[in-house]
Amino acid sequence: MFAAFSALSVRGRGAARLAVSTLVSGLVAATVVAGAGPAAADGTAEGQGGATATIGGLKTYGAAVVHADTGDQQISAGLFEMSVDGGGTLQTYCVDIHNPTQRDARYHETSWSGTSLGANKKAGKIRWILQNSYPQVNDLASLAGRAGVKGGLTEQDAAAGTQVAIWRYSDGVDVDALDPQAEQLADYLEKSARDVAEPRASLTLDPPAVSGHPGERLGPVTVRTDAESVTVTPPADAATSGVRIVDKDGKPVTSAADGGQVFFEVPEKAADGQAELTVQASTTVPVGRALAAESRSQTQILAGSSESTVSATASATWAKTGAIPALSAVENCDKGGVDITAANEGDAPFTFDLLGIEYTIAAGESRTVTVPLQEDQAYDFTIQGPAGFEKRFTGVLDCMTQVIEADAAGPDTQTLSEPSPATVGTTTDDTNLAATGGSDMTPLIGGLAIGLVLIGGAALVVVRKKEAATRD
């Protein structure tokens, strides 16, 4: 069965951006019926592979001016730097101008479909800009020549002009670079941009979850990567459980290349259980990959990468009889929620509950269920099954970029940070970085009113009843 515990946060889709405090954690809950067992490793819905990094701040930037009905607002515009877990550095631009950037926020590599880029028909042009401007083109004299900039470009000009051109496609804002040379570069990039396909992930495992019976080789799990090879790490308890990671012929595997297939070989006498393998590599992350925050922090897009550590995990579940589920999840901005894929390789149906609606996966079948979420909603889903099976997915749905003035949020809101112009050329010690967009433009509104929490709870009950009635 399924238990969901969600800290809700809503970003206004109409007249305001409204963040409901995480004090409402536990508002969404379903009863757990299956017996408790050892928990599987926690993971985000997008955590199927790639780079994980911590944002540092703006490193190379200039100034930009956003034109709005309420007046002009000066902000910083340029390149962020991130430190990769396990080693490496990423350079990124913002594709989410209205959101604040939280200091030391953790990010993971993800597909465009898990961000606002998925529904943006101009996302391909953003990748063209990244490929044809700074820092991918670090010959600034050449870049200035292409853009017709007679006065030349500094690194600050190049970063600011590139960011401004990206914002025009990612957020649809009326924005200009303050420096004339940077503005000329932005105009050139905007007018020259062409559609370029989304890059594939630096490293993924497909599928990220498999299941079957003891005595079988569970899989295959296929490696997808740009790295020359990946290191394969067996389950932590492999020595005691007897589970091995092998190829199709049953030979032990310690490394693999792109397209390589690995299997979980489970002993015939093994008790019902679960295991997880990890693959890791050192490679450059492809330009244009999206980076989504694990908290509420503006979405980034990759502009440059050093040799960096990337990793991915895959899990296996086995049982002698009954349902044998394999679960994975990914955020889907097109559908406005999280897609949970459940496969059942057992000989009995696998039944679980999502927000009051019961789903059954027949033996030998697979099904994808979309859990609808509010924009900016934090989620924490745990699905449990037989023999102690448990899988948890956490994250924040961040699919939109456009917001309007916060003063329409209503009387039951509290301003946590005031908008203020960016101070170009200096740094800040604030939690919200003096960075591109959010922290300089839009107040972060925290909804703390108990009445609002109660209204939200009542609305959820109504929605659940409606969904159940519709399903019946």
Side-chain angles (χ1 to χ4, degrees), residues 11 16-17 55-81 91-103 105 116 126 129 133-135 140 144 147 149 151-190 296-301 303 401-408 415-445:
R11 184 190 300 171
R17 179 178 175 201
I55 197 164
L58 276 173
K59 296 300 181 181
T60 307
Y61 60 96
V65 177
V66 178
H67 308 288
D69 292 341
T70 54
D72 292 348
Q73 180 73 49
Q74 183 174 315
I75 60 175
S76 299
L79 272 172
F80 286 92
E81 188 171 284
Q91 292 175 302
T92 63
Y93 286 107
C94 161
V95 288
D96 193 3
I97 191 172
H98 296 287
N99 252 335
T101 304
Q102 302 299 330
R103 181 176 297 280
S116 60
I126 296 173
I129 292 171
S133 191
Y134 183 76
L140 297 183
V149 180
L153 291 167
T154 65
E155 290 183 341
Q156 291 75 20
D157 291 338
T162 304
Q163 177 65 91
V164 165
I166 289 171
W167 274 334
R168 291 173 182 174
Y169 283 121
S170 66
D171 294 75
V173 290
D174 183 4
V175 57
D176 296 320
L178 191 63
D179 183 270
Q181 284 80 11
E183 172 62 13
Q184 194 168 350
L185 173 62
D187 289 343
Y188 158 74
L189 293 172
E190 180 187 11
R296 292 175 184 84
S297 187
Q298 62 183 204
T299 305
Q300 304 283 309
I301 192 165
T401 60
Q402 292 185 353
V403 292
I404 306 179
E405 296 305 315
D407 56 9
T415 300
L416 301 183
S417 62
E418 295 292 338
S420 59
T423 304
V424 181
T426 63
T427 59
T428 178
D429 292 327
D430 294 339
T431 300
N432 292 342
L433 302 176
T436 56
S439 58
D440 301 312
M441 289 186 60
T442 310
L444 179 63
I445 305 299

Exercise. Would you find a donor on one side and an acceptor on the other, under 3.5 Å apart, between the side chain of Gln298 and the backbone of Asn99?
Worked result: yes
Problem set entry | Exercise: identify the closest heavy-atom pair between Ala182 and Ala160 | CB-CB, 4.3 Å
Exercise. Does any N or O in the side chain of Glu183 come within less than 3.5 Å of the main-chain N or O of Ala177, such that one atom is a donor and the other an acceptor?
Worked result: yes
For this session: Work out which heavy atom in Gln163 is nearest to a heavy atom in Ala77; give both atom names and the distance.
Result: CG-CB, 3.9 Å
Problem set entry | Where Tyr93 and Gly78 come nearest, the two heavy atoms and their spacing | CD2-O, 3.4 Å
Exercise. Taking atom types as modelled, is there a side-chain donor on His98 or Asp171 under 3.5 Å from an acceptor on the other?
Worked result: no
Exercise. Is Asp187 salt-bridged to Arg168, cutoff N-O under 4.0 Å?
Worked result: yes
For this session: Please lay out, stage by stage, how Ile75 and Ile97 fare under the test side chain to side chain contact (heavy atoms under 4.5 Å, CB included).
Result: CA-CA 10 Å; Ile75 60 175; Ile97 191 172; 3.9 Å; yes
Problem set entry | Student check: side-chain heavy atoms of Ile129 and Tyr169 closer than 4.5 Å | yes
Seminar exercise, completed: Residues Gln91 and Pro135: closest non-hydrogen pair is OE1-CG, 3.4 Å
Exercise. Which atom pair, heavy atoms only, marks the closest approach of Thr92 to Gln300?
Worked result: OG1-OE1, 2.8 Å
Exercise. Would you say the side chain of Cys94 lies within less than 4.5 Å of the side chain of Thr101, judging by non-hydrogen atoms?
Worked result: no
Exercise. Do the non-hydrogen side-chain atoms of Asp157 and Tyr134 ever get within less than 4.5 Å of each other?
Worked result: no
For this session: For Tyr61 and Ala159, indicate whether the former's side chain and the latter's backbone hold a donor-acceptor pair under 3.5 Å.
Result: no
